[in-house]
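Model, not experiment: these values are computed from the prediction.
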Amino acid sequence: MAENGKNCDQRRVAMNKEQHNGNFTDPSSMNEKKRRDREERQNIVLWRHPLITLQYFSLETLVILKEWTSKLWHRQSIVVSFLLLLAVLIATYYVEGAHQQYVQRIEKQFLLYAYWIGLGILSSVGLGTGLHTFLLYLGPHIASVTLAAYECNSVNFPEPPYPDQIICPDEEGTEGAISLWSIISKVRIEACMWGIGTAIGELPPYFMARAARLSGAEPDDEEYQEFEEMLDNAEAAQDFASRAKLAIQNLVQKVGFFGILACASIPNPLFDLAGITCGHFLVPFWTFFGATLIGKAIIKMHIQKIFVIITFSKHIVEQMVAFIGAVPGIGPSLQKPFQEYLEAQRQKLHHKSEMGTPQGENWLSWMFEKLVVVMVCYFILSIINSMAQSYAKRIQQRLNSEEKTK
């Protein structure tokens, strides 16, 4: 893999100078211009230039739609085959018959898988910033199942309404029947599908770097440009962030499959760099994706899942609430809403929401709902800003190419 990078390194050094009309461009001036262009693009955000940002976002959307339309037009056979398959599936879905019970079962499983895979993709795909769907969706789901399992002494929640709503089964469970393994098994499908989605979301950096390496063109992605600069300045790296990035790059480059597996198996905000490194050094697709899939969907997912289950086990939760109440001064006032929230959840599990304590909204659930709304809004804003900056880059590249041809 290191030998594969030598030709690219030589090519990158050769591309540091470009000849135009018999003159060579100074690499330092080129880097300075790239830096100014990057800073100019980063200022195009909704809270600074709302009208320009929305205009560029709309134009970038039209450009992407045009590109996809052109790609689909040149792949008419695939489009026609997909439409025919879709027509057959629609007919199978709506035509009455004995097959409907199997269709409904497949539909239920497909929607479940697609939902969690989609959330996993949103968590890691490069759209400005990821939506932290583990904290917003999967983590609370695992926590709810854990609390319900200890309260009901069972994980055989009636379906439906599970997983949309969790209620205890009619038959009484025996005390102490719940184990860590039973809860892990209950949420395994959701967690693994989410992990598969996060692995799929790591593919764009890999394909981008691979395409740039094979084409020999000037890299068009800022993360890839930073990666190239990091390789050039490897020996001069001093700060912790640069050393951490270099460590990941060296691990992936030298160890290969198991290096990728190690990076994917732990919470790692720098994993995009692993994808760029694998694409840059032409690591085979299945080596990269296989290691990423195993690391994220199996190893890392079980680590996160076990952590949430242990954290929300019945005795741990009770100890946490008691600890909050022991805080001098403000402890009792903080402890009360937690106790009310837990009691409300227990009542819902036993279908007692219509009786007992009044159903006023707890401030904990109110805060969590508002947190979800804020993070989703921020995710949407980041996509708008990212697409607007992509269109600004198109304009800058067009202007630069026009200057070179003069």
(Q) Tell me if a side-chain donor or acceptor on Ser182 pairs with a main-chain N or O of Ile178 at a distance below 3.5 Å. (A) no

**Q.** Distance in Å, Thr69 OG1 paired with Leu62 CG, rounded so as to fall on 0.5 Å steps
**A.** 10.5 Å

Q: Rounded to the nearest 0.5 Å, what's the gap from CZ on Phe57 to OG on Ser386? Could you check?
A: 10.5 Å

Q: Could you tell me whether the side chain of Tyr94 reaches within less than 4.5 Å of the side chain of Val103, counting heavy atoms only?
A: no

(Q) Whether the side chain of Thr287 engages the backbone of Val283 through a donor-acceptor N/O pair (distance < 3.5 Å, no angle test) should be reported. (A) no

Q) Taking atom CD of Glu107 and atom CD of Gln109, what is their separation to the nearest 0.5 Å? A) 11.0 Å

Q: Could you walk me through whether Arg394 and Glu67 pass the salt bridge (charged side-chain N to carboxylate O under 4.0 Å, His left out) test, one step at a time?
A: CA-CA 14 Å; Arg394 294 178 188 271; Glu67 291 176 350; 3.5 Å; yes

Q.
Looking at Ser123 and Leu119, would you say the former's side chain and the latter's main chain have a donor-acceptor pair under 3.5 Å?
A. no

(Q) If you define the side chain from C-beta out and look only at heavy atoms, does anything of Phe312 sit under 4.5 Å from Val145? (A) no

Q. So, for Gly195 and Thr198, which heavy atoms are closest and what is the spacing to 0.1 Å?
A. O-OG1, 2.6 Å

Q: Ignoring hydrogens and angles, tell me if any N or O in the side chain of Gln76 forms a donor-acceptor pair with the backbone of Trp73 under 3.5 Å.
A: yes

Q) Looking only at atom types and distance, does a side-chain atom of Thr311 sit under 3.5 Å from a main-chain N or O of Phe307, one as donor and one as acceptor? A) yes

Q: Would you check if Leu136 and Met375 make a side-chain contact, meaning some heavy-atom pair closer than 4.5 Å?
A: yes

Q) Is any NZ, NE, NH1 or NH2 atom of the basic residue among Glu40 and Arg48 found under 4.0 Å from an Asp or Glu carboxylate oxygen of the other? A) no

(Q) Using 0.5 Å steps for rounding, measure from the CD1 atom of Ile383 to the CG atom of Leu122. (A) 7.5 Å

Q.
Which label fits Phe288 and Tyr206: parallel for a plane angle under 30°, tilted from 30 to 60°, or perpendicular past 60°?
A. parallel

Q | Test item: Lys186 side-chain N/O and Val155 main-chain N/O as donor-acceptor pair under 3.5 Å | A | yes

Q | Nearest atoms (heavy-atom pairs only) where Arg188 meets Lys305 | A | CA-NZ, 3.6 Å

Q: Would you indicate whether Trp68, at its atom CH2, is surrounded by more than 12 heavy atoms from other residues, nucleotides or ligands within a distance under 6.0 Å?
A: no

Q. So, does Gln100 use its side chain to make a donor-acceptor pair with the main chain of Val95 at under 3.5 Å?
A. yes

Q.
Taking ring-ring contact (aromatic ring centres under 6.0 Å, His included) as the definition, give me every residue that meets it alongside Phe285, ordered by chain and number, with sequence neighbours left out.
A. Phe207, Phe289

Q.
For the backbone of Lys71 and the side chain of Arg75, can you confirm whether one donor and one acceptor N or O come within less than 3.5 Å of each other?
A. yes

Q) Which atom names give the shortest non-hydrogen contact between Cys152 and Pro169, and what distance separates them? A) CB-CD, 4.3 Å

Q) Does His141 reach the side chain of Trp116, with side-chain heavy atoms less than 4.5 Å apart? A) yes

Q | Interatomic spacing from CG in Leu54 to NE2 in His49 - rounded to 0.5 Å | A | 12.5 Å

Q) Could you give the distance from CD (Gln304) to CG (Leu138), rounded to the nearest 0.5 Å? A) 8.0 Å

Q: For Phe157, enumerate each residue passing the ring-ring contact (aromatic ring centres under 6.0 Å, His included) test, keeping only those at least two apart in sequence or located in another chain.
A: Tyr162

Q: Mind listing the closest non-hydrogen atom pair of Glu202 and Ser124 along with its distance?
A: OE2-CB, 3.6 Å

Q.
Are Ile167 and Pro161 packed together at the side-chain level, in the sense that at least one heavy-atom pair is separated by less than 4.5 angstrom?
A. yes

Q: For the pair His302 and Ile184, evaluate side-chain contact (heavy atoms from CB on, under 4.5 Å) and give the outcome as yes or no after the intermediate values.
A: CA-CA 8 Å; His302 276 80; Ile184 290 176; 4.2 Å; yes

Q.
Whether the side chain of Thr53 engages the backbone of Val45 through a donor-acceptor N/O pair (distance < 3.5 Å, no angle test) should be reported.
A. yes

Q. Of the options Ile117, Ile121, Thr133, which is the one that meets Trp194 in a side chain to side chain contact (heavy atoms under 4.5 Å, CB included)?
A. Thr133

Q. Of all residues at least two apart in sequence or in a different chain, which pass the side chain to side chain contact (heavy atoms under 4.5 Å, CB included) check with Ile310?
A. Leu180, Ile306

Q. Could you walk me through whether Phe134 and Val308 pass the side-chain contact (heavy atoms from CB on, under 4.5 Å) check?
A. CA-CA 11 Å; Phe134 181 86; Val308 174; 3.8 Å; yes

Q) Which atom pair, heavy atoms only, marks the closest approach of Gly295 to Ser265? A) CA-OG, 3.4 Å

Q. Can Ile298 and Cys192 be said to form a side-chain contact (heavy atoms from CB on, under 4.5 Å), step by step?
A. CA-CA 7 Å; Ile298 299 178; Cys192 288; 5.6 Å; no

Q. Less than 4.5 Å apart, any side-chain heavy atom of Trp47 and any of Asn385?
A. yes

Q. Hey, does the side chain of Asn43 reach the backbone of Glu39 with a donor-acceptor pair shorter than 3.5 angstrom?
A. yes

Q | Stepwise side-chain contact (heavy atoms from CB on, under 4.5 Å) check, Arg398 with Ile395 | A | CA-CA 5 Å; Arg398 185 173 68 247; Ile395 296 176; 4.1 Å; yes

Q. Hey, are the side chains of His132 and Phe379 touching, using non-hydrogen atoms and a 4.5 Å cut-off?
A. no

Q.
Are Lys296 and Met301 packed together at the side-chain level, in the sense that at least one heavy-atom pair is separated by less than 4.5 angstrom?
A. no

